[in-house]
Amino acid sequence: MSLTEILTRDLNPPQKKAVETMDGPVLILAGAGSGKTRALTHRMAHIIASGLASTDEILCVTFTNKAAKEMEHRIFKILADLNVPVTRELWVNTFHSFCVRVLRQHIDLLDYKKPFTIYDSGDQLALIKRVMVALNINDKMFPSKNLQSRISNAKMLGLTPDNLRGGGSSQIKMDPKTLDVYSRYEEEMKRANAVDFDDLLLKTYELFRMYPAILEQYQNKFRYIMVDEYQDTNHIQYLLVQMLAKAHRNLCVVGDEDQSIYSWRGADISNILDFEKDFPEAVVIKLEENYRSSSNIVSAATKLIANNTQRKEKTLFTNNPEGDLIQIREERNEYDEARFVAKTIQSMISSGESNLNDYAIFYRTNAQSRVLEEQLRTIALPYRLIGGIRFYERAEVKDILSYLRLSQNFSDDMALKRIINVPARGIGKTTLEQIEQKANDSRISLFEATQLLINERHFNAGTTSKLRRFLDLIEDLAIQQKQFRLSEFYSIVLEKTEYVNILKKEDTPEAEARISNLEELDNAIAQFEKERGDEASLSNYLEELTLASDLDNADNNASAITMMTMHISKGLEYPYVFIIGCEENLFPSVRGEDESVDDIEEERRLAYVGMTRARQKLWMTHTKMRRVWGQEQMNPPSRFLREIPKEFTSFSSGALGVQAPRFMSNSRFGSQNNSYSDNNYSNNTNYDDYAQPSYDDDFSQTHQVGKSSGYSKGQRVRHPTFGVGAIFSTEGAGDTLKISVLFQDNTIKKFVAKYARLEKV
DNA sequence: CGTACCGACCTTTTT
DNA sequence: GGTCGGTACG
């Protein structure tokens, strides 16, 4: 059998074509679950095994670190099976990690020192705020978050302050104030020897523009280039790809415009839609057979996405069995919703056949995970949460990392600012303000400003000695850093800063948790050393860490339900999937007044992504009432539910015992008109509708709370001040029993039962 | 200077 | 309902 035959057996014709077409530009439009990764890895292995390029002459760009790791692993596996020896590294990267790699080599040409520091978006924001103070710009008039995103957008378009000034060739205008901030920000970044996420791409682009010889080196090196998730590339990424592919024109891009969900991050869907204009000779391959999901799921998702206008006409189909109907479930509120999910999983698990790892719960916003966690914990179902508050964003972790950063780069102002008084060493706000003032005026780093002020005898003796001690500590750490291995240095930092000692003295559960996080960081460092061996330097570690995400570190071995946002779910699959919170205003979420058709279409693509993750069974839930920012909201079911043809769905409700509020009466729930399409949504809700206990099924039984209290959900009560209402929920028991009451004006108030003079009526 | 409390803002989504 | 930044007080 020939090599090609071996690599293409078990593939369908378009997959085969993808593996066989190695030279020239190739556009692969890969529908969800169409065996894309399989085709790609085989294609890469084919190129290497047939000797067209060695491993290090191929550049493969993916969207997440996790995808990169996975792809690399699979390519190596295939090559090993073919007995092809691999001696050189394979360049499977994210755009950002690729750029780090390039900059690590050449950043000195851009007037930076090696090693450079990477600022994450938190550092970026902090620096923007500081620049605003220096420039006397009011945060109220120009919100710093706003400026941050404008600057970031400019960078993603490849625009520097110089480009934006002078009108130049650019049509994009930036208002003068923002431009001032942008310029000064850049200046400060350079002084701090730091680059931000966007810079990684922009600086690499600039490097290539300024030094054609270096560009040429990479152009020649990479005989083949492949970009995954091409629909999510932004302009600067597009420019980089075009540049790099210029010499050989062996560019293969893969994507699915129906899964483009990152436009808010600058992703430009036209990059994929216009690929054939950029490369008229491109071979276009469509992978349209879905191998992942049951046909009900595929049909439902296909019908849903057909409502979008910005897409290439294509048909996703499957030969898989029909499978179960999509379960659409209505619940009364988010607690019932979470309970429904938890109980459903529990009962399915207990009947055997499946295990916890088979289940995933998706939601639109991270905030939705909280209630879910509570419910899963109460019935003792293990879960793992991906995203949300990241490990590396925990305060104590950031603190220690700031020590590591500062000891490597004294100019790292954001790190210094964070830890100059952590743990507390008596250096207060006024002192720091004076240091910042000096730094701003003299355009020097905070570290240097501190030294200068000490030498100028600016401070009193007490402050001076505290500052002196801090500077000595950092200088000492800088020396230790060079002498010890990373893991040893880490212990030294913990010891010399007394960080852990001070936490231990606190003796609170919070402090305990922090200590254990720092232990976890210790483990992570040990792991890193094990993996990288001699290359486990501090700067490498900081680099990798800044670019790491939660998804990369998720522990998939433990048996647990996985919870994440739909955005993170892209590229993953699970036998059983729950999509919760399918309500208007939440999903699709509306972003203020400026909502556009484009926004809704992107939300719809997000729904499409979420749904197509499910292999066997999919639940989509919505609630009549939900608490958002502590406010009760009643939103109609998501339009996306309505857009799924009824023949693919099965509806059930855990809120039937509750008389449907008026706006529901015309909907699928109460009438012969069996669709979501005409909700007469009204806020004019009769609170009585919610006052009745529900008794329709297992999941929403009246629960009796507290042994002697006798308060139960739905019980009507009178409050001396607020009048008559109905008990909406309860928490705690005995003296700490708290009761939430829904009053006639549709507000909810929470009382401690012991003190509130509630009277049953 | 450190702490404790208050109110604004938050909720998209990530490298 | 939670977090973070600002303010007031000890």
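Residue numbers begin at 1 in each chain, while the letters A, B, ... track the order of the sequences.
- Within 4.0 Å (heavy atoms only), A/N366 reaches sugar-phosphate atoms of the nucleic acid but no base atom.
- Nearest nucleotide to the A/T565 side chain, out of B/dT15, B/dT11, B/dT13: B/dT13.
- The side chain of A/T431 places an N or O atom within less than 4.0 Å of a non-bridging phosphate oxygen (OP1 or OP2) of B/dC1.
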Taking N or O atoms only and anything under 3.5 Å, show me the protein contacts with nucleotides 2-10 of chain B, one pair per line.
from	atom 1	to	atom 2	distance (Å)
B/dG2	OP1	A/N421	OD1	3.4
B/dG2	OP1	A/N421	ND2	3.2
B/dG2	OP1	A/G426	N	2.9
B/dG2	OP1	A/I427	N	3.4

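- A donor and an acceptor atom, one from each side chain of A/Q124 and A/Q148, are located under 3.5 Å apart.
- With respect to the salt-bridge test (charged N to carboxylate O, under 4.0 angstrom), the residues A/E331 and A/K624 do not qualify.
- If you take CD of A/Q633 and P of C/dG1, they are 16 Å apart, rounded to a whole angstrom.
- Each of B/dT11, B/dT13, B/dT15 was ranked by its minimum atom distance to the side chain of A/V628; first place goes to B/dT11.
- Atom CD1 in A/I386 sits roughly 11 Å away from atom P in B/dT14 (whole-Å rounding).
- Residue ring and base: A/Y262 does not count as stacked with B/dT13 (centre distance below 5.5 Å and interplanar angle below 30° not both satisfied).
- Side-chain nitrogen and oxygen atoms of A/T430 include at least one within less than 4.0 Å of the OP1 or OP2 phosphate oxygen of B/dC1.
- At whole-Å resolution of the value, CG in A/D598 and C1' in B/dT13 are 17 Å apart.
- Not counting sequence neighbours, the partners of A/N366 by the side-chain contact (heavy atoms from CB on, under 4.5 Å) test are A/Y363, A/T565.
- Along DNA chain C, the nucleotide nearest A/R370 and the nucleotide nearest A/K129 are compared for position; the residue whose nucleotide lies closer to the 5' end is A/R370.
- Residue A/I568 places its side chain closer to B/dT13 than to any other of B/dT15, B/dC1, B/dT13.
- B/dT15 atom P lies 13 Å from atom CG of A/L200, rounded to whole Å.
- Taking the ring centroids of A/H567 and A/Y262, they lie under the 6.0 Å cut-off.
- For A/H96, whose side chain is taken as the heavy atoms from C-beta onward, the closest listed nucleotide among C/dG1, B/dT15, B/dT11 is B/dT15.
- Residues that satisfy the salt bridge (charged side-chain N to carboxylate O under 4.0 Å, His left out) test with A/E603, not counting sequence neighbours, are A/R364.
- One interatomic measurement links the two molecules: CE of A/M566 to P of B/dT13, which rounds to 11 Å at whole-angstrom precision.
- Side-chain polar atoms of A/S263 and A/E602 form a donor-acceptor pair below 3.5 angstrom.
- The separation between A/Y363 atom OH and B/dT13 atom P is 10 Å, rounded to whole Å.
- One interatomic measurement links the two molecules: CG of A/L545 to P of B/dT15, which rounds to 13 Å at whole-angstrom precision.
- In the model, A/D399 has a side-chain atom that pairs as donor or acceptor with a side-chain atom of A/Y499 under 3.5 Å.
- Nucleotide C/dG2 holds its C1' atom 16 Å from the CD atom of A/Q368, rounded to whole Å.
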